[in-house]
Amino acid sequence: HLQLVESGGGSVQAGGSLRLSCVATGYTSGRYCMAWFRQSPGNEREGVASLDSRYGTTFYSDSVKGRFSISRDKEKNTLYLEMSGVKPEDTAMYYCAAESTYCYSNSWFEVWEYNYWGQGTQVNVSS
């Protein structure tokens with residue numbers, strides 16, 4: 001099993017930057033697809049970015065490509081989401097997710113792909 005705890009959320013002005021962290025504990029030595037999702041009020045949870053723990057392959061949603069970067073520190077068992085050039089539409093609760101599988105290009109963004117979830121960290125972007 002895996003436990004995930006996010007941090008790093010907060011308030012930032014449009015155009016600014018923020019780094020989210022997700023610390024994993026438990027059985028962290030396996031192979032995982034790890035991802036960031038976000039959800040704003042009235043909207044479905046959407047995949048933002050994913051990273052394959054074995055090959056380092058990354059995927060991004062079109063809405064954040066070129067602005068956000070997902071990375072991992074293996075020694076610290078921590079997943080990061082570097083957010084730059086943020087926009088008001090990036091305002092949402094951000095969740096870390098993981099599943100012991102490959103990151104597939106046609107499903108990494110699906111909520112049902114993941115069994116492990118963090119509690120979320122709120123990001124507010126003001127214009």
Side-chain angles (χ1 to χ4, degrees):
H1 290 288
L2 204 62
Q3 294 80 43
L4 305 172
V5 178
E6 304 95 334
S7 63
S11 297
V12 61
Q13 288 191 328
S17 301
L18 206 60
R19 186 177 80 164
L20 307 183
S21 301
C22 171
V23 177
T25 58
Y27 183 64
T28 59
S29 60
R31 189 236 176 98
Y32 291 95
C33 179
M34 304 192 72
W36 287 97
F37 282 75
R38 67 185 182 186
Q39 187 170 21
S40 54
N43 293 315
E44 294 185 352
R45 193 169 295 190
E46 64 167 341
V48 173
S50 71
L51 182 147
D52 187 291
S53 67
R54 177 167 295 177
Y55 296 114
T57 308
T58 58
F59 294 106
Y60 295 92
S61 68
D62 289 343
S63 61
V64 306
K65 197 172 296 181
R67 301 188 297 120
F68 291 9
S69 177
I70 189 171
S71 62
R72 179 192 181 201
D73 185 326
K74 293 181 181 180
E75 296 300 317
K76 296 182 179 179
N77 290 323
T78 301
L79 183 73
Y80 299 103
L81 184 70
E82 299 275 0
M83 307 168 62
S84 63
V86 296
K87 304 175 182 179
E89 51 263 44
D90 294 322
T91 294
M93 183 71 81
Y94 283 72
Y95 297 91
C96 176
E99 183 52 53
S100 54
T101 183
Y102 295 89
C103 284
Y104 295 101
S105 61
N106 61 347
S107 64
W108 70 266
F109 46 85
E110 299 284 6
V111 171
W112 50 258
E113 187 79 8
Y114 304 87
N115 280 314
Y116 303 106
W117 292 87
Q119 83 292 346
T121 186
Q122 179 69 36
V123 172
N124 296 312
V125 181
S126 58
S127 57

- prompt: After noting the C-alpha distance and the side-chain angles of Tyr116 and His1, does the key distance pass the side-chain contact (heavy atoms from CB on, under 4.5 Å) rule?
  reply: CA-CA 8 Å; Tyr116 303 106; His1 290 288; 3.8 Å; yes

Would you mind reporting whether [Y] and [X] have side-chain heavy atoms less than 4.5 Å apart?
X     : Y      : answer
Cys22 : Leu4   : yes
Phe68 : Ser61  : no
Met34 : Asp52  : no
Ser50 : Phe109 : no
Ile70 : Tyr60  : yes

For [X] and [Y], work out which heavy atoms get closest and say how close.
X     : Y     : value
Tyr27 : Leu2  : O-CD1, 3.4 Å
Leu18 : Gly8  : CG-O, 3.6 Å
Ser40 : Asn43 : OG-ND2, 2.6 Å

- prompt: With a cut-off of 6.0 Å (strictly less than), are more than 12 heavy atoms of other residues, nucleotides or ligands near CD of Glu44?
  reply: no

- request: Assess whether atom CD of Gln13 is packed by more than 12 heavy atoms of other residues, nucleotides or ligands within 6.0 Å.
  value: no

message: Is there a side-chain contact (heavy atoms from CB on, under 4.5 Å) between Thr101 and Cys33? Walk through the geometry before answering.
response: CA-CA 6 Å; Thr101 183; Cys33 179; 4.2 Å; yes

task: Drop me the distance from Tyr32's OH to Glu99's CD, to the nearest 0.5 angstrom.
output: 8.5 Å

From Ser7 atom OG to Arg19 atom CZ, the distance as rounded to the nearest 0.5 Å: 9.0 Å

message: Between Tyr114 and Phe37, does the ring pair (Phe, Tyr, Trp, His ring centres under 6.0 Å) criterion hold? Intermediate values first, please.
response: CA-CA 11 Å; Tyr114 304 87; Phe37 282 75; 5.3 Å; yes

message: Please check: side-chain N/O of Arg72 versus main-chain N/O of Ser53, any donor-acceptor pairing under 3.5 Å?
response: yes

message: Please tell me whether Trp108 and Val64 are part of a single hydrophobic cluster in this structure, the criterion being side-chain heavy atoms less than 4.5 Å apart.
response: no

Listing, residues 77-98 side-chain donor-acceptor contacts under 3.5 Å, not counting sequence neighbours, or none:
{"unit_1": "Thr78", "atom_1": "OG1", "unit_2": "Lys76", "atom_2": "O", "d": "2.9"}
{"unit_1": "Ser84", "atom_1": "OG", "unit_2": "Arg67", "atom_2": "O", "d": "2.7"}
{"unit_1": "Asp90", "atom_1": "OD1", "unit_2": "Arg38", "atom_2": "NH1", "d": "2.9"}
{"unit_1": "Asp90", "atom_1": "OD1", "unit_2": "Arg67", "atom_2": "NH2", "d": "3.0"}
{"unit_1": "Asp90", "atom_1": "OD2", "unit_2": "Arg67", "atom_2": "NH1", "d": "2.8"}
{"unit_1": "Asp90", "atom_1": "OD2", "unit_2": "Arg67", "atom_2": "NH2", "d": "3.4"}
{"unit_1": "Asp90", "atom_1": "OD2", "unit_2": "Lys87", "atom_2": "N", "d": "2.7"}
{"unit_1": "Thr91", "atom_1": "OG1", "unit_2": "Pro88", "atom_2": "O", "d": "3.0"}
{"unit_1": "Thr91", "atom_1": "OG1", "unit_2": "Val125", "atom_2": "N", "d": "2.8"}
{"unit_1": "Thr91", "atom_1": "OG1", "unit_2": "Val125", "atom_2": "O", "d": "3.4"}
{"unit_1": "Tyr94", "atom_1": "OH", "unit_2": "Arg38", "atom_2": "NH1", "d": "3.0"}
{"unit_1": "Tyr94", "atom_1": "OH", "unit_2": "Asp90", "atom_2": "O", "d": "2.6"}

